[in-house]
Each structure stands twice: as structure tokens, then as C-alpha cells.
*Asks:* 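Sharing a structure, written as C-alpha cells. Questions coming.
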Amino acid sequence: MSDNLAIARVLAETADLLELKEANPFKIRAYRNAAETIANTGERVAAFDEARLRELPGVGRDLAARIREIVETGDAGVHRELVAEFPPTILELLHLQGVGPKTAATVYRELGIGSLDDLERAARAGQLASVRGMGPKKTALILRAIDERRRHASRYLAPEVADTAAALIARLQEAAPGADFTPVGSLRRGAETCGDLDILAVGAPPSLMDAFTGDRLVERVLGRGETKASVLLHGGLQADLRLVPPGSRGAALQYFTGSKAHNIALRDRALARGLTLNEYGLFDAATSAPVASETEEAIYAALGLPFVPPELRENRGEIDAAAAGSLPRLIERSDLRGDLHAHTTATDGRDDIETMALAARAAGLEYLAITDHSQALAMANGLDERRALAHAARVREVGRRLDGITLLAGIECDIRPDGTMDLADDCLAELDLVIASVHSAFNQEASQMTDRLRRAIACPYVDIIGHPTGRLLLRREPYQLDLDAVLHDAAAAGVALEINSQIERRDLNDVQARLARDRGITLTIATDAHARGAFSLLRWGVQTARRAWLTADDVLNTRPIEAFRASLRRHRRPAAR
DNA sequence: GCCGTTTTCGGCCCGACTGTTTTCAGTCG
């Protein structure tokens with residue numbers, strides 16, 4: 001998995017460096033497209049031969065050879081040569097707000113500036129003004145951007161951005177009561193993290209820009225026009241507001257929701273039909289006569305497509321599937337009948353069994369698995385066999401007392417570093433459901449970690465693998481793992497894989513969950529709740545599942561309780577060994 | 001460098017905003 005990202009990085013860097021050299025822009029785009037494609041491919045591209053590589057969209061003869069070269073040697077000659085032409089830190093410049101390839105190339109060529117530090121020194125010394133096209137304002141902007149880069153993270157968890165969006169939109173709505181506001185961009189597509197916040201305002205007066213740029217969250221205004229403004233919020237998040245007239249609502253929603261790759265593919269499709277698409281509508285290319293603009297449905301329809309849900313708009317095959325009428329009916333939050341992963345005060349949860357059960361019921365769930373930690377997690381007061389069974393008895397007792405919610409007595413059992421389970425088989429066999437998770441020794445080699453998970457899957461009492469890659473968004477990389485091998489075993493054993501809904505986990509991620517489903521594995525969507533308020537987190541797991549093209553049938557906990565029980569691994573296969 | 005219901009050659013998505021330009025280039029999304 002991670003080597004897909006490594007390959008993509010070499011290709012993307014090649015594109016960046018080609019840009020510095022002012023190479024053919026279409027060649028640059030080709031490298032960038034291929035990088036994107038590979039980063040979003042679920043299977044390990046390293047295992048593909050040239051013919052298989054060329055089946056990937058945007059990968060032709062040359063790029064297939066480049067990719068094989070990267071797989072075999074760890075780098076591509078073309079990349080190595082480009083790297084040698086510039087200081088290794090040159091790409092820092094390219095990623096700075098307001099600095100693009102032209103500026104970076106110019107300051108490097110004329111002033112020998114090859115790093116952020118160089119650039120800052122030159123700007124402070126007033127040397128940038130000697131470069132054509134650079135004045136005092138540009139210099140000040142660059143100094144500011146450097147400062148901001150050092151102070152702020154570059155990406156934010158999407159649920160946090162969603163909160164910010166809601167607060168901001170509430171105030172904008174007061175300023176323009178008749179207008180219609182929608183968060184668009186990556187937020188609407190259900191992404192895990194956001195680089196910025198995009199808000200679309202339909203039917204608002206131009207004075208709305210005052211409310212936006214003057215909002216109390218705004219640290220400074222990056223740019224402001226009649227229909228578009230950008231601001232930097234306190235904390236470093238950039239927010240963009242776009243104003244469009246009501247007649248362009250659908251076109252603007254479509255355009256600003258993206259993704260960029262989806263929109264480019266869609267415009268391609270428009271051109272092939274003699275149409276042109278922009279944020280104001282779909283038009284006849286020859287006569288400029290409007291064809292569609294008021295709703296997204298009308299625009300897709302005019303392009304011969306059904307509505308494509310925003311979560312699918314990543315140019316991962318959704319346009320072909322739409323054209324073929326084979327888009328999935330995506331899972332929705334209301335399809336979920338149960339939550340399968342929750343903690344209580346018995347270990348590191350904040351609420352007791354009954355409080356959690358009532359909160360789950362209030363959240364509209366029909367069943368809840370209580371899955372506290374096992375003994376290896378000493379700092380969470382993890383349960384040994386004796387406590388686990390006593391806890392299970394209490395869960396069942398509470399379950400018998402409560403109406404409208406069925407409780408399952410489970411455990412989140414640690415997978416020890418050697419792959420053995422943290423609790424004895426006869427204890428696990430007594431429980432209704434077992435999640436097996438890695439919480440320690442994250443730095444094992446890929447082969448060791450892969451064996452560890454395969455051993456866990458081989459244990460007949462393991463029903464679900466919890467947060468299977470261990471990543472923490474923006475904080476911790478997934479552990480090294482041969483996911484292909486793990487998927488193979490999970491499919492063969494009938495073990496489900498979790499989509500953990502914690503906002504910093506979303507683990508499995510969209511690409512991995514889609515691949516797992518394609519391999520015949522059933523997924524679960526679970527909160528990993530540690531308090532009564534956590535059931536609302538299911539929303540984020542559902543978003544990841546939708547981005548993975550999952551339907552309700554692909555997810556175990558959409559089933560009614562009896563069907564759910566029957567489809568657990570322990571009830572499907574003999575538990576003897 | 002990719003790609004083909006116009007095409008194996010000649011195309012390749014499109015518009016807003018800013019700063020420096022005296023008519024437009026660079027950046028961004």
C-alpha cells in the first residue's frame with residue numbers, strides 16, 4: 001500500500017521539477033495524473049507488469065516503464081536527473097502560498113534562492129525587488145506566507161472543518177437571510193482531511209463579502225473580489241467564499257465540489273458532446289446557448305449521466321460507472337442498525353454500560369456491542385479473562401433489563417506482538433463478538449506485522465479486525481503491512497474488517513475499504529465510542545464507506561440483529577481447531 | 001506524455017483575483 005504512495009511521490013515530484021524547468025505543461029499534467037491515479041489505486045501497483053500498468057488511466061508506454069523503473073530501482077532516471085539540477089529544498093518554495101513554478105524558477109536562477117530560509121533572508125534584505133514582476137507587496141506576501149507555513153499545519157481533520165463551516169455559515173446566513181449556503185469542496189465529498197474550506201453562497205448580495213471578510217474568525221484577507229473572496233482564519237485554515245446567482249446553483253455546486261480530477265474528466269465528456277462546462281452552466285460550445293445550470297442532476301443528465309454522489313467524485317471510475325448505469329446505491333447512516341465497538345468505565349470509557357446502551361438507543365441503534373480492552377492495555381485497565389467474563393455477565397444482565405436495544409458482550413482483544421491473542425481461547429469463545437486490534441509494537445517490520453495480523457485472523461474466535469492499519473490522521477503513519485496478504489486471509493476466513501469512525505482514524509480508509517469489498521470481505525462501521533456522545537461519529541465512518549463505494553449489503557451492522565449474529569465469523573465456520 | 005463516437009496527429013479545462021504589467025503574467029482552485 002505504502003509503496004503506491006512512494007511511487008506517486010516520485011512521479012509528483014518529477015512533475016514539480018519539470019514545472020520549474022518550464023517543460024511541456026501537458027507532460028507535467030501527465031506525470032501528475034499518473035501520480036494521482038497510483039495514489040488512489042487500491043492494489044499494489046508494484047506487483048503490476050507493464051501491460052497491467054498501462055490499463056491504468058493516464059499511464060501509457062513511457063510512464064509504465066518509469067513506474068517499473070521506480071519499483072525495481074527505487075527511483076526513476078528522469079527524476080534523479082531533475083533532482084540533481086536543483087537544491088533538494090527547492091520544492092519547499094513551490095508549495096508556498098503565492099509562489100508558483102515561475103517565481104521559484106526565477107528567484108533560483110537570478111538569486112540562487114533554493115530554500116525557504118534563503119527566500120526569507122532575501123526578502124528581508126529587500127533583494128527580491130530586483131526580480132522582474134516582484135514588488136514590495138509581493139515581498140511582504142512571501143514573508144507572510146513563510147511565517148504562516150511555520151506556524152500552521154497544512155491540513156485539518158474534516159469534521160473539525162465542518163464545525164468551523166457550520167459556525168461561519170450561521171453568521172453569513174444572518175447577513176444574507178435569503179441566500180442559500182453549502183460547504184463544498186473536499187468537505188462535501190466526505191474527505192478525511194481538508195486543506196481549506198470552500199463555501200458556496202447562492203443568491204446573496206455582494207455585501208455578503210463584508211460579513212465574510214469581517215467575520216470574527218478571520219485573521220487576514222487573502223483576496224477579495226465581486227464574486228470570490230479568500231481569507232485566512234485564526235488557526236491557519238484558509239476559507240474561500242463564492243457567490244453565484246440562483247440560476248447557476250447546480251453548475252456552481254458541481255464545479256466547486258470537485259474534485260478537480262472529476263471535473264476535468266466531466267469537461268472532457270462535455271467537449272466530446274459539443275458542450276462546454278464551467279461554474280455558470282453547461283453551454284453549447286458553438287452557439288453558447290445554455291443547456292443546463294440550475295441543478296446538478298440536470299447537468300449530469302445533459303451529459304448522459306445519472307447524478308453522481310459527491311463522495312464518488314474522485315475520478316476513480318465513477319463517470320464510466322454512471323454512464324453504464326452501474327453506480328452503487330451508497331450506504332446511508334440510516335441503514336446502520338447497530339454499533340459494534342464501544343468502551344465503558346470497565347476500561348478507558350467514560351460512561352457505564354447502561355448509559356452507553358441508552359445513548360446508543362437514543363441514537364437510533366437497535367444493538368450495541370460493548371467491547372472493552374483486554375489486559376495488555378494496562379494503562380486502560382484492560383480486562384483479564386476473569387474480569388472479561390464478569391463484565392460480559394453484567395453487559396448481558398443490563399441488556400436483559402433494557403427495552404429497545406440489544407447488547408452484545410464483546411471484547412476488543414489486543415493482538416500481541418507475536419500474533420497471539422491477549423486472552424485465552426476459552427474466554428473468547430464465551431463472548432458474543434471479538435474485535436482483534438493492534439495497540440503496541442507499531443514499528444515492527446512489514447513481514448512481522450503481516451504475520452502478526454494473519455495469526456490473529458487464524459484464531460477462530462476473531463470476528464473483526466479493529467482499525468486495521470493503525471494510522472492516526474495527521475499524526476501517525478499506518479504501520480508497515482502487506483495489506484494484500486491480510487485481505488487474502490481475511491476473505492478466506494470470513495473475518496470482517498472495521499471502518500473505525502473516530503475522526504482521526506477513519507481506518508480502513510476509502511481506498512482500502514473498497515479493495516477489501518472487492519476481495520469479498522465484509523466491512524463493519526463502528527464508533528470505537530469512549531463516551532455516550534460518541535455515537536454521532538458513525539456519520540464519519542459512513543462517509544468513508546460511501547467514498548469506498550459501499551452499499552448497505554457490504555456492511556455487517558446494517559443487518560437486523562439475528563441476521564447479524566448469524567453472519568459473524570464464529571457462527572459461520574466451525575470454531576474447532 | 002496521453003489518447004481517439006472528429007483524430008495514430010494534434011489536440012489536451014476554465015475562470016477569478018492580484019500585483020505589476022502600460023496590456024498581462026502568475027497563481028490558485
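Within every chain, numbering begins at 1; the chains are lettered A, B, ... in the order of the sequence lines, protein sequences first and strands thereafter.
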*Asks:* Would A/R189 and A/F256 count as a cation-pi pair here, with the cationic atom under 6.0 angstrom from the ring centre and within 45° of the axis?
*Replies:* no

*Asks:* Name the closest nucleotide to the A/L271 side chain, picking from B/dC2, B/dG29, B/dC14.
*Replies:* B/dC14

*Asks:* Using whole Å, what does the distance between atom C1' of nucleotide B/dC28 and atom CD of A/Q97 come to?
*Replies:* 8 Å

*Asks:* Need one value for A/A270: base, sugar-phosphate or nothing, where a base atom within 4.0 Å counts as base even if backbone is also close, heavy atoms only.
*Replies:* nothing

*Asks:* Could you state the CG-P distance from A/L128 to B/dG19, rounded to the nearest angstrom?
*Replies:* 15 Å

*Asks:* Tell me which nucleotide, if any, is Watson-Crick or G-U wobble paired with B/dG26 when both distances must be under 3.5 Å.
*Replies:* B/dC17

*Asks:* Take atom CZ of A/F26 and atom C1' of B/dG4, then tell me their distance rounded to the nearest Å.
*Replies:* 16 Å

*Asks:* Using a cut-off of 4.0 Å on non-hydrogen atoms, how would the nucleic acid contact of A/S230 be classed: base, sugar-phosphate, or nothing?
*Replies:* nothing

*Asks:* Using the C1' atom in both, what is the distance from B/dT7 to B/dC2, to the nearest Å?
*Replies:* 14 Å

*Asks:* Taking NZ, NE, NH1 and NH2 as the nitrogens, is one of them in A/R220 or A/E148 under 4.0 Å from a carboxylate oxygen of the other?
*Replies:* yes

*Asks:* Can you tell me if A/Q238 touches the phosphate of B/dC28, counting only side-chain N or O atoms and a distance under 4.0 Å to OP1 or OP2?
*Replies:* no

*Asks:* Measure CG/A/L275 against C1'/B/dT5 and give the value in whole Å, please.
*Replies:* 14 Å

*Asks:* Looking only at side-chain N and O atoms, does A/N263 offer a donor or acceptor that is under 3.5 Å from a partner on A/Q254?
*Replies:* yes

*Asks:* Please report the distance, rounded to the nearest Å, between CG in A/D240 and P in B/dC17.
*Replies:* 11 Å

*Asks:* Would you kindly give the CD-to-P distance between A/Q254 and B/dC14, to the nearest whole Å?
*Replies:* 13 Å

*Asks:* What's the closest nucleotide to the A/R29 side chain, out of B/dG29, B/dC12, B/dC2?
*Replies:* B/dC12

*Asks:* B/dT5 P sits how many Å from A/D320 CG, rounded?
*Replies:* 12 Å

*Asks:* A/L96 near the nucleic acid: base, sugar-phosphate alone, or nothing, with a heavy-atom cut-off under 4.0 Å?
*Replies:* sugar-phosphate

*Asks:* Determine the Euclidean distance between corresponding P atoms of B/dC28 and B/dT20; express it in Å to zero decimal places.
*Replies:* 15 Å

*Asks:* Taking any heavy-atom pair under 4.0 Å as a contact, classify A/N33: base, sugar-phosphate, or nothing.
*Replies:* nothing

*Asks:* Are a donor atom and an acceptor atom from the side chains of A/S230 and A/D240 found within less than 3.5 Å of each other?
*Replies:* yes

*Asks:* Would you mind reading off the distance between A/L187 atom CG and B/dG29 atom P, rounded to a whole angstrom?
*Replies:* 16 Å

*Asks:* Side-chain N or O of A/Y280 less than 4.0 angstrom from OP1 or OP2 on B/dA16?
*Replies:* yes

*Asks:* Using atom P of each nucleotide, how far apart are B/dC12 and B/dT8 to the nearest Å?
*Replies:* 16 Å

*Asks:* Please enumerate all protein N or O atoms sitting under 3.5 Å from an N or O of nucleotides 20-26 of chain B, with distances to 0.1 Å.
*Replies:*
from, atom 1, to, atom 2, distance (Å)
B/dT20, OP1, A/G135, N, 2.7
B/dT20, OP1, A/G135, O, 3.3
B/dT20, OP1, A/K138, N, 3.4
B/dG26, O3', A/T103, OG1, 3.4

*Asks:* Which pair of heavy atoms, one from A/I28 and one from A/E19, lies closest together, and at what distance?
*Replies:* CD1-CA, 3.6 Å

*Asks:* Run the salt-bridge test on A/R188 and A/E296 with the 4.0 Å N-O cut-off and return the result as yes or no.
*Replies:* yes

*Asks:* Identify whether the distance between the nearest side-chain nitrogen and carboxylate oxygen of A/E92 and A/R149 falls below 4.0 Å.
*Replies:* no

*Asks:* On DNA chain B, nearest-nucleotide positions of A/L63 versus A/E279: which is more 5'?
*Replies:* A/L63

*Asks:* B/dC9 and B/dC14: how far apart are their C1' atoms, nearest whole angstrom?
*Replies:* 24 Å

*Asks:* Any ion pair linking A/K260 and A/E36 (charged N to carboxylate O, less than 4.0 Å)?
*Replies:* no

*Asks:* Return the 5'-most residue of the pair A/K27, A/K228 with respect to DNA chain B, ranking by each residue's nearest nucleotide.
*Replies:* A/K27

*Asks:* B/dG1 and B/dT6: how far apart are their P atoms, nearest whole angstrom?
*Replies:* 28 Å

*Asks:* Does A/L277 reach a base, just sugar-phosphate, or nothing at all? Heavy atoms under 4.0 Å.
*Replies:* sugar-phosphate

*Asks:* Within less than 4.0 Å of OP1 or OP2 of B/dG29, is there a side-chain N or O belonging to A/S259?
*Replies:* no

*Asks:* How close do A/M209 and A/L243 get, heavy atom to heavy atom, and via which atoms?
*Replies:* CE-CD1, 3.9 Å

*Asks:* Please state the C1' separation for the pair B/dC17 and B/dG11 - nearest whole angstrom.
*Replies:* 29 Å

